[in-house]
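Naming: A, B, ... by sequence-line order, numbering from 1 per chain. Everything numeric here is computed off the predicted structure, so don't read it as measured data. Computed from heavy atoms alone, side chains included, the values below leave out hydrogens, waters and symmetry copies.
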2 protein chains.
Amino acid sequence: MAKIVTGKNHSKKEVILKKAATLFKTKSFSASSMRELADVVGVEAPSLYNHIGSKSELLQDICFKIGSQFTEQIEQISTSDKSTVAKIEAVIRFHIEMMAENFDEVYVANHEWKHLNEPYLTDFLNIRRNYEKSLMGFIEEGITKNEIKAVNPYVTVLTILSAVRGLEFWQRNKKNVPLHVLENDMVNQLLYGIV
Amino acid sequence: MAKIVTGKNHSKKEVILKKAATLFKTKSFSASSMRELADVVGVEAPSLYNHIGSKSELLQDICFKIGSQFTEQIEQISTSDKSTVAKIEAVIRFHIEMMAENFDEVYVANHEWKHLNEPYLTDFLNIRRNYEKSLMGFIEEGITKNEIKAVNPYVTVLTILSAVRGLEFWQRNKKNVPLHVLENDMVNQLLYGIV
DNA sequence: GAAAAAAACTAATAAGTGTTAGTTTTGTAA
DNA sequence: TTACAAAACTAACACTTATTAGTTTTTTTC
């Protein structure tokens, strides 16, 4: 009889969630089966249900855990006394660090949210929309204060968020390009350009 | 007995491919069934097989059609006599236009290539790697010629490609932000920054 | 209009899906 | 040791999956 091995400070559900994130990232949510997940966890598929409610619930937990971490952070940056440019920089750096530390979960939240059921799908999209609004607020504030060029705030938010989201492709080159180089160069390009 | 309606200059396979791209974009490749596709096409599922080889083949066709369009374009830009900055700008603008004109296919190629079977998966990744190398060549050339700051070329490529890939999120806001504004502002931010 | 080819159909297959029921084993407290 | 709960197991269900076989209908060609 196999057993779920839990490290210290990790419930069995957390172990399952972590392995699910890795599986969903690698194979996508829909193409991942509960039997495959069970294999990775080292247990028979039905045994998973002693710890989790459903396959959907796994996706929900991953997406909202990441979602709330980002929300929390941007609220903290909002209420700080940084300059607007420094706020934007802080957002970019936080994205990069989240990507570095919670790659699988962030990847899944970014790519597989589409498979959330209602009402979670709507909730998740609202969280994201609010996040984008906060960041857009920084941009607008920066333009008002003449700290930032008169650009279209929406396009700027789109560009920044897309750029940091693309960090998933960096993973394979981790060794060649260390984190701090990536962080500094990306911040510099997005804020000051390359020309 | 239902029938596949083909507009002029479109084979029945092309009709299926177009609808498949839309379906795969909306629901993801794995979560899309041949029965759903058949529904959209207006025919029973087995009838599709008179025109296509398999579900996988649909994904292959979509990915490689888009892949070769990008490859062709970057080769053309490579052999042009533009300045390096102008070359980079041309790449960004081409991405935006491709996204605007072939949204579904580009989206699927960007998101669902993971589900390609071998040897197609390897081939596709090679195509992408070569594309990235070409773009990286422009950056390196620009640095050598002092037209571009001394940045890390890999990070720059990553940032640019991620930004343009993120245009998929722009679709919903098409009406508020017209294409030429998006194009100009994104080019400007990536080349000249926002500060 | 007859013959051939293309493209639709129905029926079926084998494999895989998430999940439940019921049972047995394991770990914990008294 | 005994009782109880947690967590594993096997077996099974109801469905869905891509795809094939075989047949019928439609379209094209002469």
Participant: Looking at the base of D:dA6, is there any donor atom on it, or on the side chain of A:Asn50, that sits under 3.5 Å from an acceptor on the other one?
Facilitator: no

Participant: The side chain of A:His51 is closest to which nucleotide in this list: C:dG18, D:dA7, D:dT17?
Facilitator: D:dA7

Participant: Can you tell me how far C1' of D:dA18 sits from CZ of B:Phe24, to the nearest Å?
Facilitator: 12 Å

Participant: Is there a donor-acceptor pair under 3.5 Å between the side chain of A:Lys82 and the backbone N or O of A:Ile88?
Facilitator: no

Participant: Closer than 4.0 Å, any side-chain N/O of A:Ser47 to the OP1 or OP2 of D:dA7?
Facilitator: no

Participant: Measure from the side chain of B:Pro46, starting at C-beta and using heavy atoms only, and say which of C:dG18, C:dA8, C:dA11 lies closest.
Facilitator: C:dA11

Participant: Output the distance between atom CZ (B:Phe103) and atom NZ (B:Lys25), rounded to the nearest 0.5 Å.
Facilitator: 5.5 Å

Participant: Could one point to a donor on the side chain of A:Arg35 or the base of C:dG16 with an acceptor on the other under 3.5 Å away?
Facilitator: no

Participant: B:Ser33 side chain N/O closer than 4.0 Å to the phosphate oxygens (OP1, OP2) of D:dT17?
Facilitator: yes

Participant: Side chains of A:Thr84 and A:Glu147: is there a donor and an acceptor less than 3.5 Å apart?
Facilitator: yes

Participant: Return the value, rounded to whole Å, for the distance between atom CG of A:Leu48 and atom P of C:dA21.
Facilitator: 17 Å

Participant: Which part of the nucleic acid, if any, lies within reach of B:Ser32 when heavy atoms closer than 4.0 Å are counted: base, sugar-phosphate only, or nothing?
Facilitator: sugar-phosphate

Participant: Given A:Phe24 and A:His111, is the ring pair (Phe, Tyr, Trp, His ring centres under 6.0 Å) satisfied, shown in steps?
Facilitator: CA-CA 10 Å; A:Phe24 294 169; A:His111 285 77; over 10 Å; no

